[in-house]
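Here it is, the structure in full.
Here is how names work: the chains are called A, B, and so on, in the same order as the sequence lines, proteins then strands, and each is numbered from 1.
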Protein chains: 2
Amino acid sequence: MNIGDAAKATSLSPKTIRYYESINLVVGDRLTNGYRNYADAHIHKLRFVQRARGLGFSIDDCRALLSLYEDQNRASAEVKNIAKKHLQEIEAKISELQGLRETLSHLVAHCAGDHRPDCPIMDGLSGVLHDTSEDESRLH
Amino acid sequence: MNIGDAAKATSLSPKTIRYYESINLVVGDRLTNGYRNYADAHIHKLRFVQRARGLGFSIDDCRALLSLYEDQNRASAEVKNIAKKHLQEIEAKISELQGLRETLSHLVAHCAGDHRPDCPIMDGLSGVLHDTSEDESRLH
DNA sequence: CTTGACCTTCCAGTAACTGGAAGCCACATA
DNA sequence: TATGTGGCTTCCAGTTACTGGAAGGTCAAG
């Protein structure tokens, strides 16, 4: 299987597959003409990585997960630890973004959005804290 | 005001302030000895950028916001548009992460996490869809 | 006059690709 | 057989927003 077909089979781009090879994540075979060649086992690994990346796992996590994937004697606890850590990171990110959304949606809601220069959003960014002490806590 | 004091006054690092200068975002003065020098107006701009970055605005957004900040005749609608667009991006990101959290927390919850190799997380990443059709939709 | 803290510039690295150029390879058609 | 088209190769650069570090200049204090 050439790289183009492997790309179609894995929903990855040829570029990405070459990149994964360059970082030694998934390395396929080579034909005598220099073309990369992918067997089923490679395709499975690439798809595995594609799904893991789709779940937001870092390349380093993918590397660890791949080696567990190949390990017949793995303990599921190891997999679970990686996943739990990633889950916590996701939850932290969600919290952070929810905080930003809070602040931003308040600012946006209070801005007239017309032709005049007066703007609570600008005031907020300038450090002119207008209303409540909540706003201050949001911006510091 | 030297860059170190400016850094303290703005909660930015000297490196970051130099970086902002290198991309022409906020450029201070220079003393004859080559040292950067920051007046109040510069400090205000830097703090403005610091707050905007803290709210997740991109550097490009900061550039646009700064020029509106300096524009006496700005329309608040322009500010609001930038903020609204950013707010939408944040909300999209939150949704995406919530989806990942859903999938991942299900997988983690069903993994025994012991010494045995059997692992629903691995199954999910391998494309072995175990339970409901919900899981399938989550992984595709 | 030296020490230490500051400042300067410049280069490289981060994460995970993506775009593009230059050139080889394979196959079908005229 | 020439040629066109598409796919393959490598390599370099760019993306975002900094951060680390090296090599060296400057300044105030003792």
Problem - Any side-chain heavy-atom pair of A:L65 and B:M122 under 4.5 Å - result: yes
Problem - Contacts of B:D40 that satisfy side-chain contact (heavy atoms from CB on, under 4.5 Å) - sequence neighbours left out - result: B:H44
Problem - Close approaches to DNA chain D from residues 58-70 of chain B, in residue order (heavy atom, under 4.0 Å) - result: B:S58, B:I59
Problem - Set of residues satisfying side-chain contact (heavy atoms from CB on, under 4.5 Å) with respect to B:S13, sequence neighbours excluded - result: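 Residues passing side-chain contact (heavy atoms from CB on, under 4.5 Å) with B:S13: B:K15, B:T16.
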Exercise for the section: Could you work out the complete set of other residues in the hydrophobic cluster of A:Y35, with links drawn between I, L, V, M, F, W and Y side chains under 4.5 Å apart? Expected result: A:L31
Exercise for the section: Indicate whether OP1 or OP2 belonging to C:dC7 is found under 4.0 Å from a side-chain N or O atom of B:R36. Expected result: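 For B:R36, the contact criterion (side-chain N or O under 4.0 Å from OP1 or OP2 of C:dC7) is not met.
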Practice task
Indicate yes or no: at least one non-hydrogen side-chain atom of B:D123 is less than 4.5 angstrom from one of B:L107.
Solution key: no
Exercise for the section: May I ask you to test the B:M1-B:R36 pair for a side-chain heavy-atom distance under 4.5 Å? Expected result: no
Practice task
Just jot down the salt bridge (charged side-chain N to carboxylate O under 4.0 Å, His left out) partners of A:K85, sequence neighbours excluded, or say none.
Solution key: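 Result, salt bridge (charged side-chain N to carboxylate O under 4.0 Å, His left out) vs A:K85: A:E89.
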Handout entry: Under the salt bridge (charged side-chain N to carboxylate O under 4.0 Å, His left out) test, residues paired with B:R116 that sit two or more places apart
Key =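 For B:R116, the residues satisfying salt bridge (charged side-chain N to carboxylate O under 4.0 Å, His left out) (neighbours in sequence not counted) are B:D114.
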Handout entry: A:Q50 CD to B:L125 CG distance, which is reported to the nearest 0.5 Å
Key =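 Spacing of CD (A:Q50) from CG (B:L125) equals 10.5 Å.
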Problem - Degree of bending, the helix from C:dC1-D:dG30 to C:dA30-D:dT1 (end axes from five pairs; round to 10°) - result: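 The helix from C:dC1-D:dG30 to C:dA30-D:dT1 shows an end-to-end axis angle of 30°.
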Completion exercise
Residue set satisfying side-chain contact (heavy atoms from CB on, under 4.5 Å) with B:E70, at least two apart, ordered chain then number -> B:K45
Problem - Value rounded to 0.5 Å, distance of NE2 in A:H106 from CZ in A:R101 - result: 11.0 Å
Exercise for the section: May I ask you to say whether A:K93 pairs ionically with B:E96, meaning some side-chain N is under 4.0 Å from a carboxylate O? Expected result: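 B:E96 and A:K93: not salt-bridged.
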Practice task
Under the side-chain contact (heavy atoms from CB on, under 4.5 Å) rule, collect the residues that match up with B:N73, sequence neighbours excluded.
Solution key: B:D71
Practice task
State, yes or no, whether a side-chain contact exists between A:R53 and A:C62 at a heavy-atom distance under 4.5 Å.
Solution key: yes
Problem - Min side-chain heavy-atom separation B:V49-B:L46 under 4.5 Å - result: no
Exercise for the section: Identify, residue by residue, the members of residues 1-10 of chain A with a heavy atom below 4.0 Å from DNA chain C, and return them in order of residue number, or none. Expected result: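 The answer is none.
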Exercise for the section: Enumerate the residues from residues 18-35 of chain A whose closest heavy atom to DNA chain D is under 4.0 Å, giving them by residue number; use none for an empty result. Expected result: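 Nucleic-acid contacts, sorted: A:R18, A:R30, A:G34, A:Y35.
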Problem - Nucleotide range of DNA chain D lying under 4.0 Å from chain B heavy atoms - result: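 The contact span of chain B on DNA chain D goes from D:dA17 to D:dC27.
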